[in-house]
Amino acid sequence: MRGYFGRKTAFVAALLATTSMAMAEDVEVLHWWTSGGEAAALNVLKQDLAAKGIGWVDMPVAGGGGEAAMTTLRARVTAGDAPTAVQMLGFDIQDWAEQGKLANLDAVATEEGWDKVVPAALQAFSKYDGHWVSAPVNVHSTNWVWANKSILDGLGIAQPTTWEEFVAAMQKVKDSGKTALAHGGQPWQDATMFDGVVLSVGGVEFYKKAFVDLDPAALGSDQMVEVFNRMATLRSFADDNFSGRDWNLASAMVINNEAAFQIMGDWAKGEFLKAGKVPGKDFLCFRVPGTQGDVSFNSDQFAMFAQTDPAAQAAQAEMARAIMAPSFQSAFNVVKGSVPARTDVPNDAFDDCGKQGMKELADASANGTLVGSIAHGHANKAAVKNAIYDVVTANFNGETDAKTAVANLVSAVEAAK
Ligand code: BGC
């Protein structure tokens, strides 16, 4: 009996292997990974898939946070021409799943045991109605500061640990004639800083009450006035040309000794690494002062749009399997600046910032101090996120004072939720 089943299983496995290879075709991938560091990480994925016989049709749509990519996606789906695989964040995944557009990945998820290794905070977005609809490729987090070590050393500035120390450090840099804060004035970048500032003012409890529960009292509180005051402080440390600048060009200012700090998600580390910079030696990574222990996260996932063609379905399953392989999760995230989307990946290959990120993610998850990024679609659906973007950016550009911004925030969120 055993021999029979053994032979039969081997035969079926061989058949499956040949069919899936014969059937696998190209995947068309819509994504917004267009910077140097992002492209390097994307190459790790392309090469991994190429080695498995899966071809890649590239569909890049630049723009951090993915707003432009999501607009393109809507147009493609409306035209009845959805891409095979799409980089997607948080609530957008749930939204497309609710519309019945996403493929069911349960078969590969069960085979590969995703339920046991993907953190619950990610499963909340990867699964809809109990079914897997996307494969998480990483976990990023937004409450990070990236600092130029030689500028700090030259001015005798120690790594700041409180908001006040951070402001004093930025003042010292500004007084020296260098740019204190490298920033790109785009709504999603303003909002990315906002994630960290909210945490610095009121911690996770305030963050959740205001931006997850959307409690009007928290949104309209004095603490929120302080959030906008801090945003204005940050604005005063950016250079005059910040408006419209891409995030990777802001990172380049820190890399090239033109600016001391950037507040940005850990995709910024990908730019530093691409430029040959070494953490601890050339640059420092630390949490937005006053948010140590808290992690505002976002996870890039690949959602697969439902296909009828079996060859396309096979390619999607193979891509999902490849993305979730522990060795790939290590190789990719080392380059991307993010950390693995599975709990069982060793940290050996990661640099000190990556090791810190992995530990802090695990600790925050255990301690209840892990929150979804407001800026990157992990706190609210797109309508609310965009309403927050508008209020934050108008204020950052000096169109409103802190009190008006708070009043606008309350009404904009109320209208969008
Ligand atoms: C994504 C990152 C990306 C960043 C900047 C974020 O929304 O999660 O993967 O690197 O935008 O493009």
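In listed order, ligands and their atoms are each counted from 1. We number each residue from 1, following the sequence as shown.
- Near ligand 1, residues Trp32, Trp33, Glu38, Gly64, Gly65, Gln87, Leu89, His140, Trp247, Trp267, Asn298, Asp300, Lys336, His376 each place a heavy atom inside the 4.0 Å sphere around the ligand atoms.
- Taking the six-membered ring where tryptophan is involved, the planes of His31 and Trp56 are tilted, since the angle between them lies from 30° to 60°.
- In this structure, Tyr128 has its ring center no closer than 6.0 Å to that of Trp96.
- Using bins of under 30°, 30° to 60° and over 60° for the plane-to-plane angle, the ring pair Phe194/Phe228 lands in the tilted bin.
- Only one option out of Thr192, Asp239, Asp190 pairs with His183 in a side-chain hydrogen bond (donor to acceptor under 3.5 Å, both in side chains); it is Asp190.
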Original post:
Are Leu30 and Val86 close enough, and set up right, to give a side-chain contact (heavy atoms from CB on, under 4.5 Å), and what steps lead you there?
Top reply: CA-CA 5 Å; Leu30 175 64; Val86 180; 4.0 Å; yes

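- The pair Lys274-Glu271 does not count as a salt bridge, with every side-chain nitrogen at least 4.0 angstrom from each carboxylate oxygen.
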